[in-house]
Amino acid sequence: MKRILITVCMTFMLSCGAALAQVANYDVVPLPKSINQTNAPGFVLGEQVAVLYAEGNAEMERNAHFLSDYVREMTQLQLACQAVPAKTKMAKAGRGNIVLTLDPKMAGGDEAYAISVGAKGVTISGRTAEGVFRGIQTLRKSLPVVKEKPLAISLPAVAIQDEPRFVYRGMHLDCSRHFYSVEFVKEYIDLIALHGMNRFHWHITDDQGWRFEVKKYPRLTQVGGWRSGTIVGRNSIVDDGQRYGGFYTQEECREIVKYAADRFITIVPEIDMPGHMVAALAAYPELGCTGGPYEVEHHWGVFADVLCPGKEKTFQFVEDVLSEVIDVFPSTYIHIGGDESPRDRWKECPLCQQRIHQEGIKAEGKQSAEDRLQGYFTKRVEKFLHAKGKRLIGWDELLGCDIDTTATIMSWTGAEPGARGAKLGHDVIMTPNSPMYFDHYQTDKTWNEPLAIGGHAPVQKVYAFEPVAEDLTPAQARHILGVQANVWCEYISTPKWVEYMVLPRMAALAEVQWLNPEQKDYDAFLVRLARLKEIYDLHHWTVAQHVFK
């Protein structure tokens with residue numbers, strides 16, 4: 001009776017235009033597929049409201065606490081979380097509260113969700129707990145940002161139905177060129193969750209630093225994790241001469257994996273091979289064609305020294321490293337890079353030429369024997385990954401290496417390789433450098449911008465990107481699994497710099513990943529984006545201002 005009286009009083013005050021009440025807005029980023037708002041009485045969100053979930057479901061309990069934390073963060077209101085015993089009817093317990101519930105019969109995929117708001121309460125339902133989490137993000141972003149605790153928040157009556165267009169919706173971060181703390185990696189994962197994404201592509205090895213602890217090969221981080229200097233500016237001749245580096249222990253990686261998994265985000269680790277391996281060669285020079293000596297690179301770019309596929313010890317090294325990667329990262333996909341691997345050393349290496357002869361590898365069409373040697377390398381690695389229950393994913397250079405269609409392609413050199421890969425039967429993630437490289441400039445007026453690698457990818461260009469080429473058949477189009485943006489950190493050396501480069505472009509990417517083309521409207525998106533920026537500002541994230549001026 002007391003709760004009913006409080007609700008009635010609040011409803012009366014809201015209807016009278018009480019100054020302390022604020023109203024939710026469901027036009028969020030990414031925009032849900034269906035928002036059916038009515039003039040029926042809505043719901044009053046105050047501190048008497050609880051977040052309910054079914055007792056015994058750990059994922060839903062965690063979801064409830066996430067929602068409670070988000071509400072407090074946005075509105076200053078503290079909502080209790082309550083488990084509902086199995087024998088109690090959720091509908092009855094949910095009156096006057098927020099109910100989180102599963103609906104296995106809901107149409108759509110595992111991330112489909114629905115939100116229902118009425119005078120009696122709020123229900124967020126999903127096919128899975130992951131779908132419920134996506135719905136929680138939508139409700140979170142619909143709330144006003146309140147600096148002082150309000151009397152209550154008014155949630156207009158609404159029925160929302162939603163599911164994403166693509167099953168793979170990712171963001172990438174290069175922690176090899178510049179190293180970022182565990183705390184910042186977690187913040188990056190929070191950004192991914194806020195934008196409705198479900199994959200974090202973590203680039204943790206490269207020529208300039210090896211960041212993943214491998215217990216069987218400790219010198220990978222002892223030696224390969226540190227460089228004796230870093231080039232200043234855009235590959236100038238000036239070197240700062242400062243020792244730089246760091247790495248993540250396996251325990252830290254497991255901590256980050258769990259942090260992401262709690263938010264229904266899968267981490268896809270990348271161990272780039274056979275190229276971009278100078279840091280590993282500095283630690284274990286016997287794995288290269290020349291035997292070294294090698295040094296962890298100070299410069300950015302592509303380097304001739306790569307792994308030697310003519311040596312069996314190279315494959316043993318790769319399998320040992322990937323075994324430890326697999327032990328830490330539960331992702332089905334393991335990214336092996338495969339890009340920018342010069343053939344110079346292989347052409348001169350007697351062992352590589354012997355391997356080519358022994359395996360009967362021959363040039364074919366535009367593919368040289370050395371090109372196809374990388375295909376041999378990739379197939380051996382893929383066979384190992386398959387035996388471990390994993391799938392290989394790599395950059396689109398693999399299309400020129402005689403690989404099997406079981407390999408998933410990440411199309412970075414443009415959109416065309418992705419379409420070509422789909423036509424050949426490969427699953428594809430679209431991440432063309434234009435406009436999906438967020439290390440590119442956000443404006444063509446670059447004189448006041450922090451240094452970037454080049455290119456020009458403003459928010460509008462990101463928003464306009466269409467991942468599925470018009471000439472793909474429906475069967476071929478189904479191979480386009482999703483979209484990702486990449487952040488390469490040659491010139492991006494601080495967390496605030498990363499924030500600046502990804503915000504607000506992540507918001508535009510989110511609508512590319514989530515919405516069907518006919519639903520996109522750039523001008524309307526900018527209005528929604530202005531509201532999302534209030535959340536960015538709440539967290540004190542550094543945001544590029546170009547579209548807000």
Might you point out which heavy atoms bring [X] and [Y] nearest each other, and give the distance in Å?
X	Y	answer
Leu481	Phe166	O-CB, 3.5 Å
Arg127	Gly109	CD-O, 2.8 Å
Met506	Met197	O-CE, 3.6 Å
Ile480	Ala422	CD1-CB, 4.0 Å
Glu130	Glu111	OE2-OE2, 3.2 Å
Pro330	Val328	CD-O, 3.5 Å

With a 4.5 Å limit on heavy-atom distance, are the side chains of [X] and [Y] in contact?
X	Y	value
His440	Ile453	yes
Tyr500	Glu449	yes
Val145	Asp537	no
Leu503	Thr542	no
Lys520	Val512	yes
Leu509	Met171	yes
Phe43	Val49	yes
Pro435	Arg505	no

Open item on the list: What verdict does the side chain to side chain contact (heavy atoms under 4.5 Å, CB included) test give for Tyr463 and Leu529, after you've listed the backbone C-alpha separation in whole Å, the side-chain angles of each residue and the deciding distance to 0.1 Å?
Closed with: CA-CA 12 Å; Tyr463 194 83; Leu529 178 60; over 6 Å; no

Open item on the list: Can you confirm whether Glu518 is buried at CD, in the sense that more than 12 heavy atoms of other residues, nucleotides or ligands lie under 6.0 Å from that atom?
Closed with: yes

Task: SB check Arg62 Asp262 (cutoff 4.0 Å) - done: yes

- [ ] Run the salt-bridge test on Arg531 and Glu534 with the 4.0 Å N-O cut-off and return the result as yes or no.
- [x] no

Which atom pairs, one a donor and one an acceptor, fall under 3.5 Å between side chains of residues 184-195 and the rest of the protein, sequence neighbours left out?
residue	atom	partner	partner atom	Å
Lys186	NZ	Glu255	OE2	2.5
Glu187	OE2	Trp541	NE1	3.3
Tyr188	OH	His172	O	2.7
Asp190	OD1	Tyr259	OH	2.9
Asp190	OD1	Arg263	NE	3.2
Asp190	OD2	Tyr259	OH	2.9
His195	ND1	Leu191	O	2.8
His195	NE2	Tyr536	OH	2.7

Verify, without hydrogens or angle tests, whether [X] (side chain) and [Y] (backbone) share a donor-acceptor contact under 3.5 angstrom.
X	Y	answer
Glu213	Gln250	yes
Asp272	Thr205	no
Arg211	Ser176	yes

Got a second to check how far [X]'s [atom1] is from [Y]'s [atom2], nearest 0.5 Å?
X	Y	atom1	atom2	answer
Ile334	Leu385	CD1	CG	6.5 Å
Lys390	Ser331	NZ	OG	6.0 Å
Leu139	Ile98	CG	CD1	6.0 Å
Arg478	Asp427	CZ	CG	11.5 Å
Ser434	Phe465	OG	CZ	9.5 Å
Met74	Ile535	CE	CD1	4.0 Å

Task: Donor on one side chain, acceptor on other, Gln460 and Tyr522, under 3.5 Å - done: no

Open item on the list: Under a plain distance cut-off of 3.5 Å, with no hydrogens placed, do Thr431 and Asn486 share a side-chain donor-acceptor pair?
Closed with: yes

TODO: Among Trp488, Trp412, Trp395, Phe329, find the residue that satisfies the ring-ring contact (aromatic ring centres under 6.0 Å, His included) test when tested with His201.
DONE: Trp395

Task: Ring centroid separation Tyr113 to Phe133 under 6.0 Å - done: no

Open item on the list: Using side chain to side chain contact (heavy atoms under 4.5 Å, CB included), reason through Leu532 and Lys141 one step at a time and then give a plain yes or no.
Closed with: CA-CA 7 Å; Leu532 181 60; Lys141 286 176 281 191; 3.9 Å; yes

Task: Partner residues of Asn433 under the side chain to side chain donor-acceptor pair (under 3.5 Å) criterion, sequence neighbours left out - done: none

Open item on the list: Which residue in the set Leu143, Val44, Val23, Val71 passes side chain to side chain contact (heavy atoms under 4.5 Å, CB included) when paired with Ile153?
Closed with: Leu143

Task: Qualifying residue, where the test is side chain to side chain contact (heavy atoms under 4.5 Å, CB included) with Leu77 and the options are Gln48, Arg72, Lys149 - done: Lys149

Open item on the list: Does Phe212 form a side chain to side chain contact (heavy atoms under 4.5 Å, CB included) with Val325? I'd like the steps, not just the answer.
Closed with: CA-CA 8 Å; Phe212 174 72; Val325 170; 3.6 Å; yes

Open item on the list: Please determine whether salt bridge (charged side-chain N to carboxylate O under 4.0 Å, His left out) holds for the pair Asp110 and Arg134, giving the CA-CA distance in whole Å, both sets of side-chain angles, and the decisive distance to 0.1 Å.
Closed with: CA-CA 10 Å; Asp110 286 346; Arg134 305 298 172 215; over 6 Å; no

Open item on the list: Given the ring of Tyr70, does Arg140 sit roughly above its face, with NZ or CZ under 6.0 Å from the centre of the six-membered ring and within 45° of the axis?
Closed with: yes

